[in-house]
Amino acid sequence: MSDGSAIEWTDATWNPVTGCTKITRGCDNCYAERFAERWRGIPGHPFENGFDLTLRPERVGQPLRWKRPRMIFVNSMSDLFHKKVPTKFIDSVFDTMEAAHWHVFQVLTKRSSLMRD
């Protein structure tokens with residue numbers, strides 16, 4: 001997570017999940033994969049496993065600790081609705097978003113049918 005972002009349309013990023021797999025041609029030039037793979041194999045680095053899908057339960061409550069309201073991009077380094085992310089984990093992320101009502105959360109996905117369901 002980053003309390004600040006170079007992304008012009010958001011204030012911060014929050015990544016309770018990292019990593020993904022390609023599902024469309026739009027994934028061919030994924031910035032997140034390029035970034036994460038640079039760190040593969042570096043012990044102790046958050047991306048030591050590269051862009052392998054990784055649940056990060058220790059990050060789920062992070063937005064609750066930010067008291068100043070922010071526009072938060074959820075999973076800038078993944079897709080929350082990846083088929084291998086358990087529904088229970090997604091629910092915990094949404095529970096945090098609901099509890100941290102002073103923030104605005106931006107959730108982007110290429111898996112809109114899974115989000116809908």
Side-chain angles (χ1 to χ4, degrees):
M1 179 182 71
S2 174
D3 185 10
S5 176
I7 302 170
E8 63 191 36
W9 43 265
T10 198
D11 299 322
T13 57
W14 172 43
N15 291 287
V17 179
T18 56
C20 203
T21 53
K22 297 176 190 262
I23 60 166
T24 70
R25 293 199 61 179
C27 299
D28 288 348
N29 297 305
C30 178
Y31 73 89
E33 180 184 32
R34 279 193 316 273
F35 176 85
E37 286 300 328
R38 292 183 350 200
W39 307 104
R40 182 179 288 280
I42 297 178
H45 192 279
F47 291 102
E48 72 177 291
N49 295 321
F51 207 51
D52 298 347
L53 187 74
T54 307
L55 302 182
R56 307 216 179 240
E58 72 280 3
R59 296 181 180 180
V60 170
Q62 286 176 324
L64 296 169
R65 294 189 287 274
W66 286 351
K67 300 308 176 194
R68 183 177 50 82
R70 291 165 176 79
M71 178 85 65
I72 300 173
F73 180 10
V74 180
N75 279 1
S76 65
M77 297 298 290
S78 186
D79 190 327
L80 183 60
F81 297 97
H82 189 284
K83 67 182 179 183
K84 292 187 178 178
V85 176
T87 301
K88 211 170 176 140
F89 191 84
I90 295 169
D91 289 346
S92 69
V93 171
F94 272 83
D95 288 345
T96 296
M97 289 189 280
E98 185 175 1
H101 57 83
W102 57 94
H103 298 307
V104 174
F105 293 91
Q106 301 168 297
V107 181
L108 303 178
T109 184
K110 285 190 167 47
R111 297 165 170 90
S112 58
S113 62
L114 293 173
M115 181 174 80
R116 181 196 64 230
D117 294 345

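Here, residue 1 is the first one in the sequence, and each next residue gets the next number. Atom set for the values below is all heavy atoms of this structure, side chains included, hydrogens, waters and symmetry mates excluded. For clarity, every value in this text was computed on a predicted model and none was experimentally measured.
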Exercise for review: Indicate yes or no for a side-chain donor-acceptor contact from Arg70 to the backbone of Arg68 under 3.5 Å, with no hydrogens or angles considered.
Suggested key: yes
Check your understanding: Out of curiosity, does Ile42 fall in the hydrophobic cluster containing Phe51 (side-chain heavy atoms, cut-off under 4.5 Å, transitive links)?
Key -> no
Review point. In Å, rounded to the nearest 0.5 Å, how long is the span from CD of Glu48 to CH2 of Trp39?
Key: 13.0 Å
Practice item. Inspect the surroundings of CD in Glu98 and state if more than 12 heavy atoms from other residues, nucleotides or ligands are less than 6.0 Å away. Key: no
Review point. Do the non-hydrogen side-chain atoms of Pro63 and Met97 ever get within less than 4.5 Å of each other?
Key: no
Sequence neighbours excluded and cut-off under 3.5 Å, please list the side-chain donor-acceptor pairs for residues 86-96, or say none.
{"from": "Ser92", "atom 1": "OG", "to": "Phe89", "atom 2": "O", "distance (Å)": "2.6"}
{"from": "Thr96", "atom 1": "OG1", "to": "Val60", "atom 2": "O", "distance (Å)": "3.1"}
{"from": "Thr96", "atom 1": "OG1", "to": "Ser92", "atom 2": "O", "distance (Å)": "3.3"}

**Study point:** Gap separating the CG atom of Leu80 from the SG atom of Cys20, nearest 0.5 angstrom
**Key:** 10.5 Å
**Study point:** pair Ile72-Val104: side-chain heavy atoms closer than 4.5 Å
**Key:** no
Practice item. Measure the shortest side-chain to side-chain distance between Arg56 and Val17 over non-hydrogen atoms and say whether it is less than 4.5 angstrom. Key: no
Check your understanding: Less than 4.5 Å apart, any side-chain heavy atom of Lys83 and any of Leu53?
Key -> no
Review point. Can you tell me how far OG1 of Thr24 sits from NZ of Lys110, rounded to the nearest 0.5 angstrom?
Key: 5.0 Å
Check your understanding: Under a 4.5 Å cut-off applied to non-hydrogen side-chain atoms, are Trp14 and Phe105 in contact?
Key -> yes
Review point. Would Ser76 and Asn15 count as having a side-chain donor-acceptor pair, cut-off 3.5 Å?
Key: yes
Review point. Step by step, would you call Met71 with Gln106 a side-chain contact (heavy atoms from CB on, under 4.5 Å)?
Key: CA-CA 7 Å; Met71 178 85 65; Gln106 301 168 297; 3.3 Å; yes
**Study point:** Phe35-Phe47 aromatic ring centre distance below 6.0 Å
**Key:** yes
Check your understanding: Hey, is the main chain of Arg111 close enough, under 3.5 Å, to the side chain of Thr109 for a donor-acceptor pair?
Key -> yes
Practice item. Verify side-chain contact (heavy atoms from CB on, under 4.5 Å) between Arg34 and Asn29, making sure each step is shown before the conclusion. Key: CA-CA 8 Å; Arg34 279 193 316 273; Asn29 297 305; 4.1 Å; yes
**Study point:** side-chain contact (heavy atoms from CB on, under 4.5 Å) evaluation trace for Thr21 with His82
**Key:** CA-CA 8 Å; Thr21 53; His82 189 284; 2.9 Å; yes
Point to revise | Main-chain N/O of Leu64 paired to Trp102 side chain as donor or acceptor, under 3.5 Å | key: no
Point to revise | Arg59 to Pro46 - nearest heavy-atom pair and separation | key: NH2-CB, 4.0 Å
**Study point:** Side chain proximity check, Lys22 to Glu33, heavy atoms < 4.5 angstrom
**Key:** yes
**Study point:** side-chain contact (heavy atoms from CB on, under 4.5 Å) partner of Val107, the single match among Val74, Asp79, Asn75
**Key:** Val74
